[in-house]
Amino acid sequence: MFSMHHPQNAPSPWEQYFVSEIEFGRTYRWRDRLVMAAKIVYSLEARRKMASLLRRFKPDVAHVHCIYHHISPSVFSLLKERNIPIVLTAHDFKLLCPAYKMHNQRGICERCRSSKILPLVVNRCVKDSLALSSLIAVETFVHRTCGLYSRHLDKIVVPSRFYLRKFQEWGWRASDLEYVPNFIQAADYIPQFEPGGYFVYFGRLIREKGVRTLLKAARMANCKLVLVGVGPDAASLHAAIEGNPNVHIVDHRTGDALSTLVRGSRAVVLPSELYENAPKSILEAYALGKPVIGADIGGIPELIRVFQTGALFESGNADDLAARLLEYTHMHDAAVANQGRCARQFVVESFSEERYAHEMLRLYGSLGVAVKPVLDAEDGDRPN
């Protein structure tokens with residue numbers, strides 16, 4: 001394990017090698033800001049500590065997740081010098097879009113396609129800040145010019161077919177990519193198939209997640225709605241629902257507290273207005289026995305079997321979403337419960353931990369890593 005120090009970290013025997021904390025939400029002195037800006041582009045600290053780690057431990061493979069700002073790709077050449085293959089899971093669009101999500105204040109944005117960087121600064125795509133957007137533009141220029149990702153990554157894992165297509169559209173070769181869907185430990189979730197009397201959304205309370213479109217649709221459908229989460233739009237959303245007894249906002253919940261709210265619902269709603277990857281919230285809803293009403297955008301449609309595990313609506317279209325809410329409001333309880341059962345079966349069969357391990361070990365093996373024999377998933381045996 002090689003990561004960043006943080007107050008919320010779980011204890012780790014490897015934490016002596018972790019890099020120092022960088023937290024964008026905090027206020028730092030100008031000198032510290034300059035030091036952190038340099039680390040974001042190319043962290044000498046991360047490189048030094050990775051070298052120390054590699055003197056103690058030689059991995060068979062390095063599997064990288066979200067290292068962009070806090071660790072940087074400075075560690076890659078150390079791994080390659082030791083013939084250690086590098087796999088990166090693309091949880092976002094950072095390798096394509098410097099601002100991660102192909103979305104800014106104007107909505108969906110692909111202006112940085114064909115290796116362009118200037119639109120990032122012009123549109124202030126990073127937190128609507130000229131300074132931060134300029135810093136990330138410098139980072140992107142250095143990384144792309146030096147090929148710090150393209151020259152060192154052996155394989156990029158994409159959890160959705162949508163991401164697979166988008167990476168290819170933006171110039172990555174098909175041979176660089178591997179589709180491996182996310183997994184969930186469904187056995188940890190106790191389902192409740194009988195539908196409740198309200199719809200539920202859980203996630204960030206932020207504009208691009210489509211929460212305002214959901215509020216409008218719920219008002220049109222005159223249905224009960226529970227929003228679970230926190231975010232920059234929380235205060236304005238509280239003001240918007242004042243006097244509306246049908247809508248309640250609940251602060252961030254995890255574990256049993258969140259599961260209880262979801263189990264009591266009729267269906268989960270995912271009204272996103274940006275390119276989602278492969279939302280685990282859908283898998284969690286399925287594991288809890290609930291159908292999902294999702295926006296037809298990004299990787300959401302490939303996770304929803306229409307009329308079997310949920311429904312789709314046009315992203316950003318409150319009228320279309322209201323129609324789906326009304327449809328599920330008046331749908332017979334037995335039909336809603338049947339969709340919940342189909343959803344649970346779908347997630348157990350197609351998004352299991354065993355299948356994920358099987359596919360990931362197969363990928364490592366294709367890179368020359370010695371792994372124990374992995375039986376085909378259809379054999380019904382657990383991989384080693």
Side-chain angles (χ1 to χ4, degrees), residues 2-4 19-25 28 32-47 50 62 64-80 86-159 162-173 176-177 208 274-277 298:
F2 185 77
S3 187
M4 180 188 79
V19 299
S20 54
E21 181 183 358
I22 297 177
E23 182 55 69
F24 288 116
Y28 293 96
D32 294 331
R33 290 182 185 180
L34 291 174
V35 171
M36 284 189 292
K39 284 184 177 181
I40 286 170
V41 177
Y42 193 91
S43 176
L44 294 176
E45 179 198 13
R47 185 176 174 84
M50 173 63 80
V64 180
H65 300 266
C66 304
I67 69 162
Y68 311 113
H69 299 325
H70 301 99
I71 295 176
S72 89
S74 65
V75 300
F76 287 168
S77 61
L78 293 174
L79 296 164
K80 299 306 290 185
I86 304 173
V87 176
L88 180 144
T89 292
H91 298 283
D92 49 52
F93 279 131
K94 177 62 177 174
L95 296 185
L96 310 182
C97 166
Y100 287 93
K101 52 189 178 181
M102 293 190 185
H103 190 284
N104 57 28
Q105 294 74 24
R106 301 179 182 180
I108 295 293
C109 174
E110 296 194 32
R111 294 179 181 86
C112 286
R113 194 166 173 174
S114 301
S115 299
K116 297 176 183 176
I117 299 176
L118 185 59
L120 169 71
V121 180
V122 172
N123 294 292
R124 302 187 179 194
C125 293
V126 182
K127 297 183 182 292
D128 199 24
S129 166
L130 179 61
L132 276 177
S133 298
S134 299
L135 172 60
I136 300 308
V138 172
E139 173 210 42
T140 303
F141 176 78
V142 171
H143 291 175
R144 290 182 179 176
T145 301
C146 298
L148 295 185
Y149 288 100
S150 59
R151 287 192 302 111
H152 292 121
L153 295 179
D154 292 282
K155 195 72 73 170
I156 299 171
V157 173
V158 286
F162 176 81
Y163 263 46
L164 184 68
R165 294 193 299 271
K166 193 60 68 176
F167 267 75
Q168 290 178 270
E169 288 174 10
W170 281 56
W172 286 85
R173 298 172 301 182
D176 295 326
L177 308 167
E208 56 262 38
L274 79 165
Y275 291 151
E276 295 279 7
N277 188 355

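All values reported here derive from a predicted model rather than from experimental measurement.
Atom CG of Leu153 is separated from atom CG of Asp176 by 8.5 Å, given to the nearest 0.5 angstrom. Rounding to the nearest 0.5 angstrom, the gap separating the CE atom in Met4 from the OG atom in Ser43 is 11.5 Å. Atom-to-atom distance recorded for Cys97:SG and Tyr275:OH is 11.0 Å, nearest 0.5 angstrom. Expressed to the nearest 0.5 Å, how far CE of Met102 lies from CH2 of Trp170 amounts to 4.0 Å. A distance of 8.5 Å separates CD1 of Ile67 from CD1 of Ile86, quoted to the nearest 0.5 Å.
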If you apply the rule side-chain contact (heavy atoms from CB on, under 4.5 Å), what do you find for Val19 with Ile71, and how did you get there?
CA-CA 7 Å; Val19 299; Ile71 295 176; 4.2 Å; yes
Do Glu139 and Leu135 pass the side-chain contact (heavy atoms from CB on, under 4.5 Å) test, and can you show the C-alpha distance, the side-chain angles, and the key distance before you say yes or no?
CA-CA 6 Å; Glu139 173 210 42; Leu135 172 60; 5.7 Å; no
Can you list the steps and then say if Leu95 with Ile156 is a side-chain contact (heavy atoms from CB on, under 4.5 Å)?
CA-CA 10 Å; Leu95 296 185; Ile156 299 171; 3.8 Å; yes
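For the side chain to side chain donor-acceptor pair (under 3.5 Å) test, no residue two or more places apart in sequence or in another chain qualifies with Asn104. With sequence neighbours left out, Glu45 forms a salt bridge (Lys or Arg N to Asp or Glu O under 4.0 Å) with Lys39, Lys49. Checked against ring-ring contact (aromatic ring centres under 6.0 Å, His included), His91 has the following partners two or more places apart in sequence or in another chain: His65. When the salt bridge (Lys or Arg N to Asp or Glu O under 4.0 Å) test is applied to Arg113, the partners found at least two apart in sequence or on another chain are Glu110. Remark: Ser3 pairs with Phe18 by the side chain to side chain contact (heavy atoms under 4.5 Å, CB included) rule, at least two apart or across chains. Every residue two or more places apart in sequence or in another chain was checked for a side chain to side chain donor-acceptor pair (under 3.5 Å) with Lys116, and none qualifies. Remark: Glu208 engages Lys101 in a side chain to side chain donor-acceptor pair (under 3.5 Å) (not counting sequence neighbours). In this structure Leu130 satisfies the side chain to side chain contact (heavy atoms under 4.5 Å, CB included) test together with Val121, Arg124, Ser134, sequence neighbours excluded. Among residues two or more places apart in sequence or in another chain, the side chain to side chain donor-acceptor pair (under 3.5 Å) test is passed with Thr140 by none.
In this structure, the side chain of Asp92 does not engage the main chain of Cys66 through any donor-acceptor pair within 3.5 Å. Distance alone, capped at 3.5 Å, is enough to place a donor-acceptor pair between the Asn123 side chain and the Pro119 backbone.
Among residues at least two apart or in separate chains, ring pair (Phe, Tyr, Trp, His ring centres under 6.0 Å) pairs with a member in residues 100-123 are Tyr68-Tyr100, His69-Tyr100. The ring pair (Phe, Tyr, Trp, His ring centres under 6.0 Å) contacts involving residues 117-158 comprise Phe76-Tyr149, His143-Tyr149, where partners must be two or more places apart or lie in separate chains. Counting only residues at least two apart or on different chains, the salt bridge (Lys or Arg N to Asp or Glu O under 4.0 Å) pairs with a member in residues 142-159 are Lys80-Asp154.
For Ser133 against Cys125, the heavy-atom pair with the smallest separation is OG-N, 3.3 Å. Nearest heavy-atom pair across Ile136 and Leu120 is C-CD2, 4.0 Å. Minimum heavy-atom separation, Glu276 to Phe162: O-CD2, 4.2 Å. Taking every heavy atom of both residues into account, Ala90 and Phe167 meet most closely at CB-CZ, 3.8 Å. Of all heavy-atom pairs spanning Lys166 and Leu96, the tightest one is O-CD1, 4.0 Å.
Between Ser72 and Arg47, the side chains place no donor N or O within less than 3.5 Å of an acceptor N or O (distance only, hydrogens not considered).
Tyr163 places a side-chain heavy atom less than 4.5 Å from the side chain of Phe93.
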